[in-house]
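The residues of the chain are indexed from 1 along the displayed sequence.
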Amino acid sequence: SIVPITVGTPGTAEFSEEARWVPFTFTPENDGKYVFYTESDYNTQAYLYDGNDQEIGWYYEGGEGDNFRFTARLNAGEEYLLNVAVMNSEDCSCTVHVEEYVPNIVGGMELYGDASVMEDGSVQLTPAEDGKTGSAWLADSYDTENGLKVDFSWYTEGDYFGDGMTMMFS
């Protein structure tokens, strides 16, 4: 059966060998960006569809552990379908959350992902261990409907941590 979710009211899905995908619905009250994520001990993924059954995206990472976490721009009053799967061979469950997106804006830049703004205005990339320093470099940049998106990758004392920070310039 379809599980409705709202901001502040998550939904829980039970998965079994017979039911690998569970549909969730969400109807935003306001136009804007929303964050979807799961809490589970298992690898989760999701497909998001708009009210015309058009796929908006497929999401499989970005959250704690193997959980998905993503942000999508949605229209008020339109019902969206989120098909969620747990990639596991045993019976299990996961909880799906949705929150209104709160941007982290510094100097006109919107920071996403594993980045924190320090008191001195610098940007700290994570994961970082105490006493280690790192460096970032431009991995890719491209125009989106929301502005210029710039992805960075980084090293921390010789260990490559991959892509992990995105800045949006609106």
**Study point:** Neighbour count >12 (heavy atoms, 6.0 Å) for atom CD, Glu90
**Key:** yes

Point to revise | Pairing residues for Ser1 by the side chain to side chain donor-acceptor pair (under 3.5 Å) criterion, not counting sequence neighbours | key: none

Point to revise | Shortest non-hydrogen contact from Asp31 toward Ala76 | key: OD1-N, 2.6 Å

Point to revise | Stepwise ring-ring contact (aromatic ring centres under 6.0 Å, His included) test for Tyr59 and Phe70 | key: CA-CA 7 Å; Tyr59 310 96; Phe70 68 90; 3.5 Å; yes

Practice item. Could I get the full list of side chain to side chain donor-acceptor pair (under 3.5 Å) partners for Thr27, not counting sequence neighbours? Key: none

Check your understanding: Which of these, Val96, Ile5, Thr95, sits in a side-chain contact (heavy atoms from CB on, under 4.5 Å) with Thr12?
Key -> Thr95

Revision key, fill the gap. Hits for ring-ring contact (aromatic ring centres under 6.0 Å, His included) against Tyr42, two or more places apart or cross-chain, chain-then-number order -> none

Point to revise | Which residues share a side chain to side chain donor-acceptor pair (under 3.5 Å) with Asn67, sequence neighbours left out | key: Thr38

Review point. Do you reckon Leu48 sits in the same ILVMFWY cluster as Val3, going by side-chain contacts under 4.5 Å, direct or chained?
Key: yes

Check your understanding: Mind checking whether Phe68 and Leu81 sit in one hydrophobic cluster, side chains of I, L, V, M, F, W, Y counted as touching below 4.5 Å?
Key -> no

**Study point:** Gap separating the CD atom of Glu29 from the OG1 atom of Thr6, nearest 0.5 angstrom
**Key:** 8.0 Å

Exercise for review: Show your working on ring-ring contact (aromatic ring centres under 6.0 Å, His included) between Tyr47 and Trp21 and close with a plain yes or no.
Suggested key: CA-CA 10 Å; Tyr47 285 93; Trp21 290 88; 5.7 Å; yes

Review point. To the nearest 0.5 Å, what is the distance between CG (Asn83) and CZ (Arg20)?
Key: 14.0 Å

Check your understanding: With the 4.5 Å side-chain cut-off for hydrophobic clustering, are Tyr101 and Ile56 part of the same group?
Key -> no

Study note, to complete from the structure: Closest heavy-atom pair, Ser40 versus Ser93, reported as atoms and distance to 0.1 Å, is OG-O, 3.5 Å

Exercise for review: Drop me the distance from Cys94's SG to Phe24's CZ, to the nearest 0.5 angstrom.
Suggested key: 5.5 Å

Exercise for review: Sequence neighbours left out, what passes side chain to side chain donor-acceptor pair (under 3.5 Å) with Glu78? Give chain and number order.
Suggested key: Asn75, Tyr80

Check your understanding: Tyr49, Val22: one ILVMFWY side-chain cluster at the under-4.5 Å cut-off?
Key -> no

Study note, to complete from the structure: CD (Glu99) and NZ (Lys33) are apart, to the nearest 0.5 Å, by 15.0 Å

Practice item. Could you tell me whether a side-chain N or O of Asn52 sits under 3.5 Å from a main-chain N or O of Gln54, the two making a donor and an acceptor? Key: no

Point to revise | Value rounded to 0.5 Å, distance of CZ in Arg69 from OG1 in Thr71 | key: 7.0 Å

Point to revise | Results of ring-ring contact (aromatic ring centres under 6.0 Å, His included) for Phe26 - residues two or more places apart only | key: Tyr34, Phe36

Practice item. Pick out which of Asp91, Val86, Thr44 makes a side-chain contact (heavy atoms from CB on, under 4.5 Å) with Phe15. Key: Val86

